[in-house]
Number of protein chains: 2
Amino acid sequence: MSETAIPGYRMGDSSLPASTVTAKDFANLKSALLLGEADIALLREARAIVGPHVEELLDVWYGFVGSHDFLLASFSTPAGPDGDYLARVRMRFGQWVRDILAADFSPEWLAYQAEVGRRHVVTKNETDGVHGAPPVVPFQFMIALIYPIYATIRPFLDSGARDAAHAEAMHQAWLKAVLLNMALWSQAYVQEGWF
Amino acid sequence: MSETAIPGYRMGDSSLPASTVTAKDFANLKSALLLGEADIALLREARAIVGPHVEELLDVWYGFVGSHDFLLASFSTPAGPDGDYLARVRMRFGQWVRDILAADFSPEWLAYQAEVGRRHVVTKNETDGVHGAPPVVPFQFMIALIYPIYATIRPFLDSGARDAAHAEAMHQAWLKAVLLNMALWSQAYVQEGWF
């Protein structure tokens, strides 16, 4: 699947508004997360390991969402779970994994993450032309899903790591990167000026 | 330090409004976090290990905050860092650790966590009678600090665990519990209806 064939994927789209997160803000955020150059390198090492298994990882995550009705509700209309919506989001979810592991945290990446944040709230459903699904993904579940998204990647890292210490280091870098993303997405949720 | 001597600590105060999180909501949230009975037991095992070292843990965290001006700013007035404010929050922060490790996630605990969330935004500074400090703790740093709060407890767990697997299991339970707390605190930050 080439990136351009992923519906709604807009990384690098110059028509997106720039992120309001300045270079200094972003440096502070990474500093608070203890996310440094070593983590960037570890994420890219993890890319080579996890990259070929992204569909298997998505199977795990979609299995988790699909087995909890209160999570599946975000993708459901009164007619039930919307298969087309789930499939389109899945393609972008896979690309999100690849983009995190590429760890190219550029202004283009920041602009697109701001857009992804908005798509969980004010523009939810629009990108995929969905009608009748809930207008917002509840934020409490965004926070909660950090844990399974962190934990379930570990077997994939283990399978390709040099040793247990290498797997652990890549796993810590992954957690920092997921938290970084969640911090950025939260901008779309919080009250004006509280981000 | 007895709990009643901690200024502003209101766990169990029946004059606090009840949390809007219902028992079913809370069960769902724990389920999304993969937080189960085994984690509750592990947190209580960690309490026996970390409990006697809470002040050392706070030294680490306060050292971290104090070495980052953008974090220290939340505790500062135009006159500089407010030592009394920092000291009062520190006492509650220590009790927060003890309360998480007690893992008594009761309606009283939920009500107090809702209050703690509000104290980061709409009622920040009021509890401690502070004047001139910023009116809000930026949410991006709340998310980011999950990582150091997760990572820096590990040496304390290692020092008292039966073995590495036990330390790791307690550490995972701690991460889930910190995320649970952050999910609850986020209610005070997000737009109405988006929690």
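Predicted, not measured: the structure shown is a model, and the values here were computed from it. The chains referred to below are lettered A, B, ... by the order of the sequence lines, with proteins before strands, and numbering in each begins at 1.
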Interatomic spacing from CD1 in I143(A) to CG in L33(B) - rounded to 0.5 Å: 9.5 Å
Distance (rounded to the nearest 0.5 Å) between F64(B) CZ and I149(B) CD1: 9.5 Å
Nearest-0.5 Å distance, CG of residue L72(A) to CG of residue L86(A): 6.0 Å
Can you pull out all donor-acceptor pairs below 3.5 Å that join chain B and chain A?
| residue | atom | partner | partner atom | Å |
| --- | --- | --- | --- | --- |
| S31(B) | OG | H68(A) | NE2 | 3.1 |
| H68(B) | NE2 | S31(A) | OG | 3.1 |
| F139(B) | N | W194(A) | O | 3.0 |
| F139(B) | N | F195(A) | O | 3.2 |
| Q140(B) | N | F195(A) | O | 2.9 |
| Q140(B) | NE2 | F195(A) | O | 3.2 |
| Y147(B) | OH | Q172(A) | OE1 | 2.5 |
| Y150(B) | OH | Y150(A) | OH | 3.3 |
| Y150(B) | OH | Q172(A) | NE2 | 3.1 |
| Q172(B) | OE1 | Y147(A) | OH | 2.5 |
| Q172(B) | NE2 | Y150(A) | OH | 3.1 |
| Y189(B) | O | Q191(A) | N | 2.9 |
| V190(B) | O | Q191(A) | NE2 | 3.4 |
| Q191(B) | N | Y189(A) | O | 2.9 |
| Q191(B) | NE2 | V190(A) | O | 3.4 |
| W194(B) | O | F139(A) | N | 3.0 |
| F195(B) | O | F139(A) | N | 3.2 |
| F195(B) | O | Q140(A) | N | 2.9 |
| F195(B) | O | Q140(A) | NE2 | 3.2 |

Part of F70(A) within contact of chain B (heavy atom distance under 4.5 Å): side chain
Ring centers of F141(A), F195(B) separated by less than 6.0 Å: no
Counterpart residues, side-chain contact (heavy atoms from CB on, under 4.5 Å), relative to P155(A) (two or more places apart): none
Worked check of side-chain contact (heavy atoms from CB on, under 4.5 Å) between V136(A) and V122(A): CA-CA 7 Å; V136(A) 165; V122(A) 288; over 6 Å; no
Part of L29(B) within contact of chain A (heavy atom distance under 4.5 Å): both
Distance in Å, L42(A) CG paired with L101(A) CG, rounded so as to fall on 0.5 Å steps: 11.5 Å
Part of L179(A) lying under 4.5 Å from any heavy atom of chain B: both
